[in-house]
Every structure is written in structure tokens, then in C-alpha cells.
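Single-structure report; data block below.
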Amino acid sequence: MIKRTTKIISGTLGIGVLVALGIAYYMFNLPHRDVQAAQIDFRLSSTEIVNQYLADAPSANDKYLQEEGDSKILAVTGKIFSIREDLNQQKVVLLKEATEHAGVSCTFTEATGKKVENLDIGHTITVKGVIRSGAGFDEDLDLYEDVIMEKCDVIEK
Amino acid sequence: MNKLSVMAMVSIALVFMAFKPLMGKLVSKDAHISFFSHTALEDITANNYKVVSTLDTETGDLVYSVPMQSFEFEKALMQKHFNSKGFLNTKKFPKAKFTGKITNLESVDFSQDGTYEAAVAGALNIKGETKPMNEKATLTVAGGTVSLESKMMVVLADYGITFTKGKPSTNVAKEVEVTVKAVYTKE
């Protein structure tokens, strides 16, 4: 009887330890979120999101930024203002109307960057990506900062 | 006009274009900041290529605006921890900022290609805490751009980032090495 109870207890403990190790291993190797495979949270134009930030940055941050960094996934439609490359050799497409102060800066990935080669300045496209920070006028920089999106891809053109 | 004088004029024009003076405010829209934390248990690196910076060649003003959620880690879980309330609380404090000045502006010649050692004094604001910071930076002036490189140590506790228990208290260094690289052009 005692033997049996001991067996059950040690068995349960053993399974418990294995499960805990499994979870720890999974969490340690937790993959990064696949932004392009994830669902779009908001669809809007570059003008709309920039204006939301210029009107009320704290409430826009509250709406779009997430506590653990997995912030909202946006599909932003806008006119291509410029195309450049960052220090990580990734393509950066700025969606902005020529008359506006700020736009949406979209950084592509190694996998999606090739699509940028077929894009032309002035064309209207829709880009899906994750928002990292908002737009606004910064007094120290003395310039307008753009909305920043990363892990981007073109979804409509 | 003969061929020679045309060629002379073209080459003079090219020389002027190549040496467009780098005066006033220069901008770097995609500067790179990385940090490195070393402990006996673990080395942690994160990279951010979305830093906006301005450098004024006339006043020496130097500003960095850092979107905190753009720091990328190898491990997704670490990135989550970094952004969370207990660590950098990036939803509430989405940007860190450095504002400072080059204090030895007389020893940097922005009109002359070359490498210069700059002394920078300013203040770093992370998570609502501002602390003074004095660092050296290397400026390279070459063909119409200015590059800046700098390395500094940042004490996490200065910005209210402390761990008393769990893995972070043993695996995250108390002081992290921050590397800055920016390429400035005239907007």
C-alpha cells in the first residue's frame, strides 16, 4: 500500500518535472511572432495614423502599442515618398503625402525587400507591418518624426 | 568653346558638387544602436536600426531619439521581458532620448575629410529618468557625409532598472555596453 502511494507520488512528480522542463524549454526557444502571417488589427491610411498621433499621441500609443512589444499589426495605405536603405541593409519605404510633415516609415526584411525594387516613387501602395513607435514633432530634434513600422511587406499595389 | 574648356568647366562643377559644404543641421534617419550585456552565465545582444538623430555642425548640438520597441533580440522571450512593465515599460515610455553637445567643436573640421575625436556632454533619458553623460565619439567626414561612432557603458540602476530575483538578476549585467553608429546627411 505504502509502496503504491510512493510510486504514484513519484510518478506524478516525475511527469510534473518533465512538463515544467518542457515549458521552460519551449519558452526559452519561443519563436518571434511572424508578423506577415498574423492577422491585421487596423487598416488605415498613412495620413490617418499620422493625424491620430499629431492630435493625441498618448491615446494613440495606448491604442497601438502593446506592453510586451508585440504591438498592433497595421495595413497602411499611402503614397511612396522615398525609398532608402538602413544600416542593416534593409529597404525603408516612406509613405507620405508631399504636403505633410510626417509619414509612415516601413522597414522591410531580407525576405520581403526584393519587392521594393519594383516600386516607384509617387505610387500608392498598402504595406503590412508591426508598429514600433508613433509620429510627432520633437523639439530637441527640431523635426517631425515618422510612424515606424517594421517587418513590412507590400500587400496591395 | 573648345573641348578642353568644356572639360575644365565640367570638372570644376563636379568638384563643387562633391564638396557640398556640410553646414548646419544634419540628419540620420536610421541610426544604429546596439547593446551588449555580459555575465558569466549569458551574453545578450540587441540591435535597433530605427534611431533618429540630428547633428548641428555649427552649434555642436547632438540629439538621439530611440524607439524602444525597435530593439530586436535573438530570443523572443527576452524581447518580451525587455519591453515589459518591470523592465523598460515601452508602452508607457516608447522613446529614450539623448540630448547633448560636442564640446570641442573647434577640433572638428566638417569641411575637411578626415577622422576627428569629439567630446560629447549631455543627458540621457530612459524610462523617465535623466542622467548626465559624457562620452567620446569618433567623427568621420568623407565625401558629403558625416559618420559618428561611439561606445559607452550604461548603468541600468541609474534608470530605475533593477532585478532582485529570478533569472534577470543573475543573467543581465548591471552595466551594459551601448554602441552607436550614425551616418548623417544634409536633408
Side-chain angles (χ1 to χ4, degrees), chain A residues 23-34 53 57-58 60-72 81-82 84-92 94 102-103 105-109 129-151, chain B residues 25 27-34 47-56 61-100 122-123 125 147 167 180-183 185 187:
Chain A
I23 292 171
Y25 182 78
Y26 172 76
M27 289 304 282
F28 185 71
N29 289 296
L30 188 74
H32 282 277
R33 180 171 62 156
D34 182 349
Y53 265 101
N61 277 333
D62 202 46
K63 184 174 174 186
Y64 297 116
L65 298 185
Q66 292 291 108
E67 221 145 67
E68 292 198 320
D70 282 338
S71 290
K72 297 297 182 194
F81 183 82
S82 68
R84 57 180 199 274
E85 203 169 86
D86 68 14
L87 292 177
N88 195 26
Q89 281 83 50
Q90 300 303 330
K91 294 275 187 290
V92 183
L94 179 63
S105 157
C106 312
T107 300
F108 285 64
T109 63
V130 56
I131 184 168
R132 301 292 207 194
S133 77
F137 181 76
D138 187 286
E139 280 178 11
D140 296 309
L141 291 167
D142 193 27
L143 51 85
Y144 281 90
E145 288 186 274
D146 302 311
V147 172
I148 293 172
M149 286 213 303
E150 291 192 86
K151 312 282 170 215
Chain B
K25 193 171 81 174
V27 180
S28 173
K29 277 266 176 101
D30 302 287
H32 176 202
I33 289 185
S34 64
N47 284 292
N48 185 337
Y49 292 93
K50 299 294 117 192
V51 177
V52 178
S53 175
T54 54
L55 164 65
D56 193 315
D61 285 334
L62 190 60
V63 180
Y64 289 87
S65 173
V66 187
M68 298 305 275
Q69 293 204 346
S70 284
F71 275 104
E72 292 199 8
F73 293 71
E74 191 197 334
K75 296 254 179 274
L77 190 64
M78 260 174 213
Q79 197 161 321
K80 280 179 191 284
H81 284 162
F82 173 85
N83 284 297
S84 68
K85 259 188 176 161
F87 202 159
L88 281 142
N89 200 0
T90 59
K91 184 181 165 102
K92 192 169 173 213
F93 302 102
K95 278 177 182 159
K97 193 192 262 180
F98 173 82
T99 48
N125 178 296
S147 309
K167 236 183 157 186
V180 180
K181 189 174 179 190
V183 179
T185 50
E187 277 283 276

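None of these values were measured; they are calculated from a predicted model. Scope of the values below: all heavy atoms of this structure, side chains included, with no hydrogens, waters or symmetry mates.
Of the N and O atoms on the side chains of Thr107(A) and Lys50(B), at least one donor lies less than 3.5 Å from an acceptor on the other residue.
Contact annotation for Val92(A): only side-chain heavy atoms (C-beta onward) come within less than 4.5 Å of a heavy atom of chain B. Using a 4.5 Å cut-off between heavy atoms, Asp70(A) touches chain B through its side chain atoms alone. With a 4.5 angstrom heavy-atom cutoff, Ile148(A) touches chain B only via side-chain atoms. When heavy atoms are compared at a cutoff of 4.5 Å, Asp142(A) approaches chain B by way of both its backbone and its side chain. Both the backbone and the side chain of Glu67(A) have a heavy atom closer than 4.5 Å to some heavy atom of chain B. If you measure heavy-atom distances from Glu74(B) to chain A, the contacts under 4.5 Å come from the backbone alone. Contact of Ser53(B) with chain A is made through the backbone alone, with heavy-atom distances under 4.5 Å. Interface remark: Phe73(B) contributes backbone atoms only to the contact with chain A (heavy atom separation under 4.5 Å). Asn88(A) touches chain B through backbone and side chain together, each having a heavy atom under 4.5 Å away. Only the side chain of Arg84(A) comes within contact range of chain B, with at least one heavy atom under 4.5 Å from a heavy atom of that chain.
By number of non-hydrogen pairs under 4.5 angstrom with chain B, the leading residue of Leu141(A), Asp146(A), Leu65(A), Asp86(A) is Leu141(A). Chain A forms more heavy-atom pairs under 4.5 Å with one residue of Lys29(B), Lys181(B), Met68(B), Glu187(B) than with any other, namely Lys29(B). The most heavy-atom pairs under 4.5 Å with chain A, out of His32(B), Gln79(B), Lys25(B), come from Lys25(B). The choice from Ser71(A), Ser133(A), Gly69(A) that makes the most heavy-atom pairs within less than 4.5 Å of chain B is Gly69(A).
Ion pairing between a basic and an acidic side chain is recognised when a charged N comes within 4.0 Å of a carboxylate O; Asp138(A) and Lys95(B) show no such pairing. The pair Asp62(A)-Lys91(B) counts as a salt bridge, with a side-chain nitrogen and a carboxylate oxygen less than 4.0 angstrom apart.
Between Glu139(A) atom CD and Thr99(B) atom OG1 the span is 12.0 Å, to the nearest 0.5 Å. Interatomic distance, Asp140(A) CG to Leu62(B) CG, rounded to the nearest 0.5 Å: 11.5 Å. To the nearest 0.5 Å, atom OH of residue Tyr49(B) and atom CD of residue Gln89(A) are 8.0 Å apart. One finds the NE2 atom of His32(A) at 10.0 Å from the CG atom of Leu77(B) (value rounded to the nearest 0.5 Å). Taken from NZ in Lys75(B) to CG in Leu30(A), the straight-line distance is 10.0 Å, to the nearest 0.5 Å.
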- Take Leu87(A) and Val183(B) through the test side-chain contact (heavy atoms from CB on, under 4.5 Å) and record every step on the way to the result. CA-CA 9 Å; Leu87(A) 292 177; Val183(B) 179; 3.9 Å; yes
- Task: Assess whether side-chain contact (heavy atoms from CB on, under 4.5 Å) is satisfied between Asn61(A) and Lys92(B), documenting all intermediate values.
- Result: CA-CA 8 Å; Asn61(A) 277 333; Lys92(B) 192 169 173 213; over 6 Å; no
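The shortest non-hydrogen separation linking Ser65(B) to Glu145(A) is OG-OE2, 2.8 Å. Gln66(A) approaches Gln69(B) most closely through the heavy-atom pair O-NE2, 3.1 Å.
Residues Lys80(B) and Arg33(A) are not in side-chain contact: their nearest non-hydrogen atoms beyond the backbone lie 4.5 Å or more apart.
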